[in-house]
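Take a look at the structure below.
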Amino acid sequence: QVQLVESGGGSVQAGGSLRLSCAASESTGNYYPLGWFRQAPGKKPEGVATIEGPLTSYAASVKGRFTISGDNAKRTLFLQMNNLKPEDSGMYYCAAGYLGGPRLAHTGYNYWGQGTQVTVSS
């Protein structure tokens, strides 16, 4: 089973940027699709972005601002987040071990990291 460790979260002002990383214990290419998800307090988990080789998908709320990418050689998944908004705040998780269903559904993944906190102030 793959181990996932997120990093790169922090506190920024609206309009700022952060780059999240997810280090995997095995080649990320073995586990496509991979995804980034987030959860704000009191809210359900939300799919943010997924990647499967050259194919990517994004939630409508982040499209044009976030970019998902992967480096198989470094076994790392990234999420570049630009023009951050307060509503982007939450715990961000990377996920692997796709089980089926919609790519952006959090129920479709088997392996999760511990998360990294993102806080965006207005």
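Owing to the predicted nature of the structure, the values given are computational and were not obtained by experimental measurement. By convention here, the first residue in the shown sequence is residue 1. Basis for what follows: all heavy atoms, side chains included, without hydrogens, waters or symmetry-related copies.
For the atom pair OG (Ser27) and CG (Asp71), the distance works out to 9.5 Å, reported to the nearest 0.5 Å. Between the CD atom of Gln39 and the OG atom of Ser89 there is a distance of 14.0 Å, given to the nearest 0.5 Å. Note that the OG atom of Ser21 and the CZ atom of Phe78 stand 5.0 Å from one another [nearest 0.5 Å].
Atom CD of Gln114 is surrounded by more than 12 heavy atoms from other residues, nucleotides or ligands within 6.0 Å.
For Tyr98 and Tyr109, the ring centers are positioned less than 6.0 Å apart.
Applying side-chain contact (heavy atoms from CB on, under 4.5 Å) to Ile68 and the options Leu34, Val48, Ile51 leaves one that passes, Ile51.
Between Trp36 and Val62 the shortest side-chain heavy-atom distance does not fall below 4.5 Å. With contacts defined as side-chain heavy-atom distances shorter than 4.5 Å, the pair Tyr92/Gln117 does not qualify. Leu20 is not listed as a side-chain neighbour of Glu6, based on a closest heavy-atom distance of 4.5 Å or more. In this structure, the side chains of Val2 and Leu4 come closer than 4.5 Å at one or more pairs of heavy atoms. The shortest side-chain heavy-atom distance between Gln1 and Tyr111 falls under the 4.5 Å cut-off. When side chains are defined from C-beta on, Met81 counts as touching Val118, because their heavy atoms get closer than 4.5 Å.
A donor-acceptor pair shorter than 3.5 Å can be found between the side chains of Thr50 and Ser57. Side-chain polar atoms of Asn82 and Ser17 form a donor-acceptor pair below 3.5 angstrom. Between the side chains of Arg65 and Tyr58, no donor N or O sits under 3.5 Å from an acceptor N or O. Using modelled atom types, one finds a donor on one side chain and an acceptor on the other under 3.5 Å when comparing Tyr31 with Glu26.
Residue Tyr32 is grouped with residue Leu79 when hydrophobic side chains (ILVMFWY) are merged at heavy-atom distances under 4.5 angstrom, including chains of intermediate members. Phe66 and Leu104 end up in different hydrophobic clusters when Ile, Leu, Val, Met, Phe, Trp and Tyr side chains are linked at under 4.5 Å.
Nearest heavy atoms, Arg38 versus Ser61: NH2-OG, 3.4 Å. The two residues Met91 and Gly115 make their nearest non-hydrogen contact at SD-C, 3.7 Å. Shown here for Ala14 and Pro86, the closest heavy-atom pair between the two residues is CB-CD, 4.1 Å. Of all heavy-atom pairs spanning Phe37 and Ala95, the tightest one is CE1-CB, 3.8 Å.
At least one donor-acceptor pair closer than 3.5 Å links the side chain of Ser25 to the backbone N or O of Gln3. Looking at Asn72, its side chain never comes within 3.5 Å of a backbone N or O of Arg75 through a donor-acceptor pair.
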Problem set entry | Full working for side-chain contact (heavy atoms from CB on, under 4.5 Å) between Glu52 and Arg103 | CA-CA 10 Å; Glu52 186 169 7; Arg103 295 291 197 267; 2.8 Å; yes
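Using the six-membered ring where Trp is involved, Trp112 and Tyr93 have ring planes that are perpendicular, over 60° apart on the 30 and 60° scheme.
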